[in-house]
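Report on the following structure.
No hydrogens, no waters, no symmetry mates; every other heavy atom, side chains included, goes into these values.
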Amino acid sequence: MVGVVDAGVWAAELESLFGRVAGRFSRVDLRWRMRGYVRGLLAPVARKNSWQLAEWAGHRDPAGMQHLLAGARWDADVVRDDVREYVGEKLGPGGVLIIDDTGFVKKGSTSAGVGRQYTGTSGKIDNCQIGVFAAYATSRGRALVDRELYLPKVWTADRERCRAAKIPDERAFATKGELAKAMVTRTLAVGLPAAWVSADEAYGQEWKFRRLLEELGVGYVVAVPKSQQVKSLAGFWRIDELIAQAPEDAWQRISCGDGAKGPRVYDWASARLPAIGFFDGDEPTHHRWVLARRSLTRPEEIAYYFAYAPVTCTVADLARVAGMRWAIEECFQAAKNECGLDEYEVRRYTGWYRHITLAMLAHAFLAGLAADETAKGAAETTPPASSSSPWRRPEGSWTLSGPAPDPDCLHESTH
């Protein structure tokens, strides 16, 4: 994540970050323990659990590190806020807030929220915990800025089991989508300078999630399943059937950003949807779009999106935002490989949040170093700028014509 950085610069930046969060730990011994824990997360420790981090720090036993995660008095949410503020300063304004979840494969049945559930980490149903995360990405870099532990209904329905794992009594069941909405709302409310939100289809298909983003005044490009319903001239269409009707010249070849092997180029088709007067007023400031991305080498592979963007935005802008969604996968990989995000051995609810937050702090530090290097001299790449079919192009860009949807008829399966 970070190239060759002068050791003095590295040390000074880390001390600055420690200074930012030091006041969250009221006792001097806790501050030093936190510093040792985070330094251990950044160090080449074989497995970054309390035992090995304590050994690396020169402690006789892991009791101090375990106390930091389980018994000490400090608020992980306040430290999370410091991480988010630091990331916003380092990565700059106008970026994309990305929502996704990741799994932490575990043994046993006592760790908070653990159970047999699907996780992309192993690509199957596994015994694991699921964390819902938010990452912030700009041209300078990317870093995790928020997190919530998903608790399945079998947990929240068993209050004795929850109490044994130190889950607060007030913590009720919440879907992953509800956790995502809570994170987006608080992250934007405190001033993270994001201009966009992106998410995969598990979140993008939720009408209430998209509508929340519109009410917050932030643009979005979110993936949706091929079965997603869209309101068009002929009624409700599946998005894949709608895109199949797109004229060939509706497809544009656009890069959605650079990858490990250079520009990631796809064919993109897009069309504006009719405005919804009930929501948008007489002079809309944003347009809604349907968007599709087609592989050049395997044209049968098509991904589908809904978008909400300022009226000045182009298809290239939408493609760029869609392409940045993968930044959160890079965050997961880096935070797990380099900062021990998934190497904890805590079982209680509070311990999970504390370890994850300190791992996010370590990852934010690496992202900050990389952003500073980018700002010093790396050149930034700017993306290039009548039938039964609902596809129309009256003013240069493709639109989906038809009557605006009746807001009383809107439901979660429509845009």
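A salt bridge does not link E85 with R80: every distance from a Lys NZ or Arg NE/NH1/NH2 to an Asp or Glu carboxylate oxygen is 4.0 Å or more. A salt bridge is absent between E206 and R210: the closest approach of a Lys/Arg side-chain nitrogen to an acidic carboxylate oxygen does not fall below 4.0 angstrom. A salt bridge does not link E170 to R159: none of the charged nitrogens lies less than 4.0 Å from a carboxylate oxygen. Salt bridge present: R186 and D146 bring a charged side-chain N and a carboxylate O closer than 4.0 Å. R147 and D77 are joined by a salt bridge, as a carboxylate oxygen and a charged side-chain nitrogen come within less than 4.0 angstrom of each other. Using a cut-off of 4.0 Å between Lys/Arg side-chain N and Asp/Glu carboxylate O, D267 and R253 are scored as salt-bridged. R142 has a carboxylate O that lies under 4.0 Å from a charged side-chain N of E330, or vice versa, which qualifies the two as a salt bridge. Residues E214 and R288 are paired through a salt bridge, judged by an N-O separation under 4.0 Å between the basic side chain and the carboxylate. With salt bridges taken as basic N to acidic carboxylate O contacts below 4.0 Å, none links K226 and E300. A salt bridge links D82 with R24: at least one charged nitrogen is closer than 4.0 Å to a carboxylate oxygen.
We find the CG-CD distance between L242 and Q228 to be 11.5 Å, quoted to the nearest 0.5 Å. Expressed to the nearest 0.5 Å, how far CG of L369 lies from CG of L14 amounts to 8.5 Å. The structure places CD of E301 at 9.0 Å from OH of Y266, a figure rounded to the nearest 0.5 Å. Atom OG of S270 and atom CD1 of I254 lie 7.0 Å apart (nearest 0.5 Å). Between atom OG of residue S198 and atom CD1 of residue I99 there is a gap of 9.5 Å, rounded to the nearest 0.5 Å.
For K181 and F209, the positive end is not near the middle of the six-membered ring at less than 6.0 Å and at most 45° from its axis. Cation-pi geometry between R294 and W251 is met: under 6.0 angstrom from the ring centre, within 45 degrees of the axis.
In this structure, S26 and R73 have side chains that are not in contact, with every pair of non-hydrogen atoms separated by 4.5 Å or more. The shortest side-chain heavy-atom distance between I130 and K176 falls under the 4.5 Å cut-off. At a threshold of 4.5 Å between non-hydrogen side-chain atoms, the residues S109 and R161 count as touching. A heavy-atom distance below 4.5 Å is found between the side chains of E160 and R163. Looking only at side-chain heavy atoms (C-beta outward), Y203 and V184 stay at 4.5 Å or farther from each other. At a threshold of 4.5 Å between non-hydrogen side-chain atoms, the residues Y305 and V290 do not count as touching. Between V83 and V87, the closest side-chain pair of non-hydrogen atoms falls below 4.5 Å. The closest side-chain heavy-atom distance from Q117 to I125 is not below 4.5 Å.
Heavy atoms from other residues, nucleotides or ligands lying under 6.0 Å from CH2 of W326 number 12 at most. More than 12 heavy atoms of other residues, nucleotides or ligands shown are found within 6.0 angstrom of CD on E215.
Classified by interplanar angle (parallel below 30°, tilted 30° to 60°, perpendicular above 60°), the ring pair H286/Y308 is parallel. Note on ring orientation: taking the six-membered ring where Trp is involved, the planes of W352 and Y344 are perpendicular (angle over 60°, cut-offs 30° and 60°). Aromatic ring pairs are classed by plane angle as parallel below 30°, tilted from 30° to 60° and perpendicular above 60°; the pair F332 and F133 is perpendicular.
Under a 3.5 Å cut-off, the side chain of S16 and the backbone N or O of A12 do not form any donor-acceptor pair. Looking only at distances, no side-chain donor or acceptor of R348 sits under 3.5 Å from a matching main-chain atom of A70. Put simply, the side chain of K336 never gets that close to the backbone of D342: no donor and acceptor are under 3.5 Å apart. In this structure a side-chain-to-backbone donor-acceptor pair under 3.5 Å is present from R354 to W74. Between the side chain of H355 and the backbone N or O of G340 there is at least one donor-acceptor pair closer than 3.5 Å. The backbone N or O of W268 sits nowhere less than 3.5 Å from a side-chain atom of R293 that would complete a donor-acceptor pair. No donor-acceptor pair under 3.5 Å is formed between the side chain of R84 and the backbone N or O of V190. Here the side chain of T121 pairs no donor or acceptor atom with the backbone of F104 at under 3.5 angstrom.
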Residue pair R35, F25: steps toward the side-chain contact (heavy atoms from CB on, under 4.5 Å) verdict: CA-CA 11 Å; R35 291 162 63 100; F25 301 84; over 6 Å; no

Side chain to side chain donor-acceptor pair (under 3.5 Å) between Y353 and E148, intermediate numbers included: CA-CA 8 Å; Y353 275 93; E148 288 289 357; 2.6 Å; yes

From CA spacing to verdict: side-chain contact (heavy atoms from CB on, under 4.5 Å), W237, Q229: CA-CA 5 Å; W237 291 61; Q229 297 289 302; over 6 Å; no

Full working for side-chain contact (heavy atoms from CB on, under 4.5 Å) between V114 and C128: CA-CA 5 Å; V114 74; C128 64; 5.6 Å; no

Chi angles and distances behind the side-chain contact (heavy atoms from CB on, under 4.5 Å) call for L192, Y136: CA-CA 9 Å; L192 186 79; Y136 183 58; 3.7 Å; yes

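Pairing each heavy atom of G95 with each of T138, the nearest pair is CA-CG2, 3.6 Å. Between A362 and L41, the shortest heavy-atom contact is CB-CB, 4.2 Å. Closest non-hydrogen pair, R171 versus Y349, comes out as NH1-OH, 2.8 Å. Closest of all the heavy-atom pairs between M65 and L53 is CE-O, 4.0 Å. Here the closest heavy-atom approach between residue C313 and residue W289 is recorded as O-CZ2, 4.2 Å.
E201 and Y304 share no side-chain donor-acceptor pair at under 3.5 Å. Residues N49 and E343 bring no donor and acceptor atom of their side chains to less than 3.5 Å of each other.
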